[in-house]
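Note that ligands are numbered from 1 as they come in the structure, with each ligand's atoms numbered from 1 the same way.
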Amino acid sequence: MPQNNFPNLNNDNNEIALVEGDSSYSYAEVNQSIDKFATGLLNGREDLQEERVAFFIPASLDYVTTMHGVWRAGGIAVPLNVASAVAELEHYLSCASVTSMIANGEYQESLAELCAEMNIELMSVADVMAEAPGPLPEVLPERRAMMLFTSGTTNKPKGVVSTHKTIRAQITTLIEAWSWTDQDAIPLFLPLHHIHGIINILSCGLWAGATVHLFAKFDIPKITAEVVAGTYNVFMAVPTIYVKLIQYFDTLDAGEVSKICDGFRPMRLNISGSAACPVKLFNQWKELTGQVLLERYGMTEIGMGLSNPYDGERRAGHVGQPLPGVEAQLFDEDHNPITEENTPGEIRIKGDNVFLEYWANEKATTESFHDGWFCTGDVAVIDDGYYRIMGRSSIDIIKSGGYKLSALEIEGTLLTHEDIAECAVIGVEDETWGESVMAFIGLKPGASMEYADLKGWCDGKMSSYKIPKAIKIVEALPRNAMGKVTKPDLKNLV
Ligand code: MCA
Ligand code: AMP
C-alpha cells in the first residue's frame with residue numbers, strides 16, 4: 001500500500017471530496033479513479049521507479065486523479081502551470097527528464113509538437129485509465145514524490161523535489177495548526193503548480209475529509225455567489241485576491257457588497273499568504289467582513305514554516321511562530337544565531353517539511369543548506385514573540401500577485417529582442433500585485449520602443465504575469481566601478 005495514501009482517500013467513504021462545476025465526486029469515486037489511473041500508467045510494470053510524469057491540467061477530478069495516480073504508481077509528479085507559455089515548458093521538461101505528459105483536449109493540442117520533438121509520450125487521462133484497478137507498488141515514505149519549479153536568483157527555475165514524507169509533514173502540520181476537519185468546505189481557485197494550491201488547500205482538504213470546490217481560475221462572480229450561499233467555511237488566498245475582491249466590491253451596490261461580506265463573516269477561517277499582507281489590507285478585510293486574516297509564511301522548499309495562531313492573537317504585518325514540527329531560527333551573515341528581539345536575520349528552517357533536493361543540481365542543493373538548516377533568503381525580525389518579514393536578501397526575486405518571479409529570467413528573454421542593448425528588471429511597489437515588474441531598457445542606436453509593442457512581443461515567450469507592467473527607456477543603466485548594474489539605484493528612477 002503506498003505510504004502517501006491520504007486517510008480519506010483510502011476507503012469507501014461516500015462523503016463529497018471534490019465539486020467541479022455541477023458535478024461532485026465522493027472520496028470512494030476519487031479513490032477508484034486514482035487506482036484505475038495508476039494501474040493504467042503502470043501498464044503492466046510493477047513500479048514507475050520515480051519516472052517523471054508531467055501534467056498540464058487545470059483544477060479538476062482529472063488533476064487529482066493524475067497527481068495521486070502518479071504517486072500510487074511510484075512516479076514523481078511534475079504539475080505544470082497551465083498558464084505557462086509553451087516556450088517556457090521546454091526547460092521544465094528537459095530539466096526533469098520527463099518521460100510522459102498528461103493533458104486533455106485543447107491543452108493536449110497545444111503540447112503535441114513540443115512533446116513529439118522531445119520524445120515525450122503525450123496522453124489524456126482517459127487514454128491512461130485502466131478498466132479496473134490492478135496491483136500497485138509499495139511506495140516508501142523516503143521516495144521522491146513531486147517536483148515543483150521555483151524561480152531563484154539564477155536564470156532558469158529549479159526543480160524542487162519533495163518526498164512522500166515531506167508532503168505528509170507539510171500537510172499534517174497544517175491539519176493540526178489550523179484545525180482542519182471533515183466538516184470543512186473550501187474553494188480552490190489558485191494555480192495547481194505551487195504549494196499554496198496543492199498542499200495548503202487541495203491536499204489538506206483531502207487529508208481532512210473536507211470538500212474542495214474546484215475552479216479553473218479565480219472567477220470572482222461565481223466564487224462570491226457561493227460565498228453568499230454559505231457554501232464555504234474556510235477561505236485561503238494570496239493578498240492580491242483580497243485586494244481584487246475589495247476592488248470588485250467597488251463595482252457593486254451596497255446591498256450586494258453586504259451580502260458577500262455577510263457570507264465571509266461566519267467562516268471559521270480566512271487565510272492570507274504567499275506574499276506580505278499589508279496592514280491596511282488586513283484592517284480593511286476585518287472592517288468589511290469581521291474576519292481577522294490569519295497570515296502565514298511559506299516557501300516551495302519548505303511548505304509552510306511560520307503561522308499566526310488559529311486560537312490567539314493574529315497580528316497584522318506579522319507571520320507568527322514556527323508551525324508544529326518546524327524549527328525556525330534567525331541567523332546573521334556570519335551564521336551566528338540571533339537571539340535578541342528586533343534584530344534582523346535570515347530565516348532558516350529545519351524539519352520533515354523541508355524538501356529533499358533541487359533536481360539534478362547538487363551544487364544548488366548544497367549551497368542552500370548550512371549546518372542542516374535550509375537558508376530561505378528571507379530576512380525577518382522577531383518582534384514581541386512574532387516573526388515579521390523585512391524583505392528578501394536578493395533584489396532579483398520579485399513577488400507579484402503571489403507568484404515568485406526571477407528578474408534574471410525576464411531579463412534573459414528581453415535581451416533576445418533585436419532592439420534591446422541592455423536591460424534590468426526590478427519589482428516596484430504596487431497596491432494590487434504587491435510588487436509589479438518594471439523593466440529599464442537601453443536601446444540599440446537608432447532604435448525606438450513603445451510599451452504596447454514590447455508587450456505584444458513578449459506574448460508567447462513568457463507567461464503573461466511575467467511580462468513587465470511598465471518600461472522605462474534609459475540612455476544607460478547605472479553601474480558601479482566593476483560595471484555591475486546597481487539595481488537599488490533604479491528604484492529612484494521609477
Ligand atoms: C495575472 N496577471 C498578473 C498576475 N496574475 N500580473 C502580475 N502578477 C500576477 N500574479 C495579469 C495577467 O497577465 C493578465 O494581464 C491580467 O493580469 C489578467 O489575468 P487573469 O489571469 O485573468 O488574472 P487573475 O485571474 O485576476 O489572476 C490574479 C491571481 C493570480 C488570481 C491573483 O495571479 C494568482 O492565482 N496568483 C496566485 C499565485 C499563487 O498561487 N502563488 C503561490 C505561490 P493582461 O491582461 O495584460 O494579459 S507561493 C507558494 O506556494 C508559497 C509556498 C506560499 O507561501 O504560499
Ligand atoms: P515561492 O518560492 O513561490 O513558494 O515563494 C516563497 C516566498 O514567498 C518566500 O520566500 C517569501 O519571500 C514569500 N512569502 C511567502 N509568504 C509570505 C508572507 N506571508 N509574507 C511575506 N512574504 C511571504
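Per-residue contacts place S464 under 4.0 angstrom from the following atoms of ligand 1 (heavy atoms of the residue considered): 12 (C), 13 (O). Set against the non-hydrogen atoms of S400, the atoms of ligand 1 under 4.0 Å away are 7 (C), 8 (N), 9 (C), 10 (N). Each of the following atoms of ligand 1 lies closer than 4.0 Å to a heavy atom of M304: 52 (C), 53 (C), 54 (O), 55 (O). For ligand 1, the atoms closer than 4.0 angstrom to any heavy atom of G298 are 52 (C), 54 (O). In the vicinity of V319, heavy-atom distances shorter than 4.0 Å reach the ligand 2 atoms 19 (N). Counting the atoms of ligand 1 from 1 in the order shown, those under 4.0 Å from a heavy atom of K244 are 26 (O). Taking every heavy atom of M299 and a limit of under 4.0 angstrom, the matching atoms of ligand 1 come to 52 (C). Those atoms of ligand 2 with a heavy atom of R296 less than 4.0 angstrom away are 16 (N), 18 (C), 19 (N). Shown in contact with K404 at under 4.0 Å from a heavy atom are these atoms of ligand 2, numbered in order with element: 1 (P), 2 (O), 3 (O), 5 (O). Each of the atoms 48 (S) of ligand 1 lies under 4.0 Å from some heavy atom of K399. Per-residue contacts place T150 under 4.0 angstrom from the following atoms of ligand 2 (heavy atoms of the residue considered): 2 (O). Listed by number with element, the atoms of ligand 2 under 4.0 angstrom from any heavy atom of E295 are 18 (C), 19 (N), 20 (N). Every atom of ligand 2 with a heavy atom of R392 under 4.0 Å away is listed here by number and element: 12 (O). For ligand 1, the atoms closer than 4.0 angstrom to any heavy atom of G401 are 10 (N), 33 (O), 36 (N), 37 (C), 38 (C). Numbered from 1 in the order shown, with element, the atoms of ligand 2 that lie under 4.0 Å from a heavy atom of T300 read 1 (P), 2 (O), 3 (O), 4 (O).
Shortest contact from atom 6 (C) of ligand 2 to any protein heavy atom: G298 O, 3.5 Å. Scanning the protein heavy atoms around atom 17 (C) of ligand 2, the nearest turns out to be A275 N, 3.6 Å. Taking atom 8 (O) of ligand 2 as the reference point, the nearest protein heavy-atom neighbour is K399 NZ, 3.1 Å. The protein non-hydrogen atom at the shortest distance from atom 55 (O) of ligand 1 is S274 OG, 2.5 Å. Scanning all protein heavy atoms for the shortest distance to atom 10 (O) of ligand 2 gives D378 OD2, 2.5 Å. Here the heavy atom of the protein found nearest to atom 16 (N) of ligand 2 is S274 N, 3.3 Å.
A salt bridge does not link E295 with R314: every distance from a Lys NZ or Arg NE/NH1/NH2 to an Asp or Glu carboxylate oxygen is 4.0 Å or more. Using a 4.0 Å cut-off between charged side-chain N and carboxylate O, E88 and K466 make a salt bridge. By the 4.0 Å N-to-carboxylate-O rule, K469 lies too far from D430 to be salt-bridged with it. Of the charged side-chain nitrogens involved, at least one lies within less than 4.0 Å of a carboxylate oxygen, so that D184 and R268 count as a salt-bridged pair. Salt-bridge check for E411 with K487: passed, with a basic side-chain N closer than 4.0 Å to an acidic carboxylate O. One finds no salt bridge joining D378 and R392 here, because no Lys/Arg side-chain nitrogen approaches an Asp/Glu carboxylate oxygen to under 4.0 Å. The pair R348-E327 fails the salt-bridge criterion, with no side-chain N (NZ, NE, NH1 or NH2) lying under 4.0 Å from an Asp/Glu carboxylate O. Under a 4.0 Å N-O distance rule, the pair K363/E367 qualifies as a salt bridge.
At least one donor-acceptor pair closer than 3.5 Å links the side chain of W359 to the backbone N or O of C95. Between the side chain of T231 and the backbone N or O of V227, no donor-acceptor pair lies under 3.5 Å.
Distance check for atom 27 (O) of ligand 1: every protein heavy atom is found at 4.0 Å or beyond. For atom 16 (C) of ligand 1, the nearest protein heavy atom is 4.0 Å or more away. For atom 50 (O) of ligand 1, a protein heavy-atom neighbour is present inside the 4.0 Å cut-off. Checking atom 19 (O) of ligand 1 against the protein gives no heavy-atom contact under 4.0 Å.
Residues E435 and V428 have side chains not in contact (no heavy-atom distance under 4.5 Å, counting atoms from C-beta outward).
Heavy-atom separations between Q170 and ligand 1 are all 4.0 Å or longer. The shortest separation from a heavy atom of R296 to ligand 1 is under 4.0 Å, placing the residue in contact.
Summarising the geometry, atom CD1 belonging to I397 is positioned 8.5 Å from atom CG belonging to L405; distances are rounded to the nearest 0.5 Å.
Every pair passing ring pair (Phe, Tyr, Trp, His ring centres under 6.0 Å) that includes a residue from residues 331-352 is listed here, sequence neighbours excluded: F331-W373, H335-H370.
Applying the 6.0 Å contact sphere to CD of E142 captures more than 12 heavy atoms from other residues, nucleotides or ligands.
Remark: K158 qualifies as a cation-pi partner of Y358 under the 6.0 Å distance and 45° angle criteria applied to the six-membered ring.
Considering T289, I186, I223, I271 in turn, I223 is the only one that fulfils the side chain to side chain contact (heavy atoms under 4.5 Å, CB included) rule with F235. Of the options L245, I260, I246, a side chain to side chain contact (heavy atoms under 4.5 Å, CB included) to L288 is made by I246 and by none of the others.
Considering both main-chain and side-chain atoms, P191 never comes within under 3.5 Å of ligand 1 through any nitrogen or oxygen pair. Residue contacts with ligand 1: H194 is placed with no nitrogen or oxygen under 3.5 Å of a nitrogen or oxygen of the ligand (distance criterion only). Note: no N/O pair closer than 3.5 Å links T240 and ligand 1 by distance alone. Taking any N or O of K455, backbone or side chain, at least one lies under 3.5 Å from an N or O belonging to ligand 1. Checking only distances, H194 never comes within under 3.5 Å of ligand 2, N or O to N or O. Between K217 and ligand 1, a contact under 3.5 Å exists for at least one N or O pair.
Between the choices A276, G305, S151, S307, the shortest heavy-atom distance to atom 20 (N) of ligand 2 belongs to A276.
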Q: Check step by step if salt bridge (charged side-chain N to carboxylate O under 4.0 Å, His left out) holds for E429 and K399.
A: CA-CA 10 Å; E429 231 179 279; K399 261 275 156 155; over 6 Å; no
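E20 is linked by a salt bridge (Lys or Arg N to Asp or Glu O under 4.0 Å) to nothing, counting only residues two or more places apart in sequence or in another chain.
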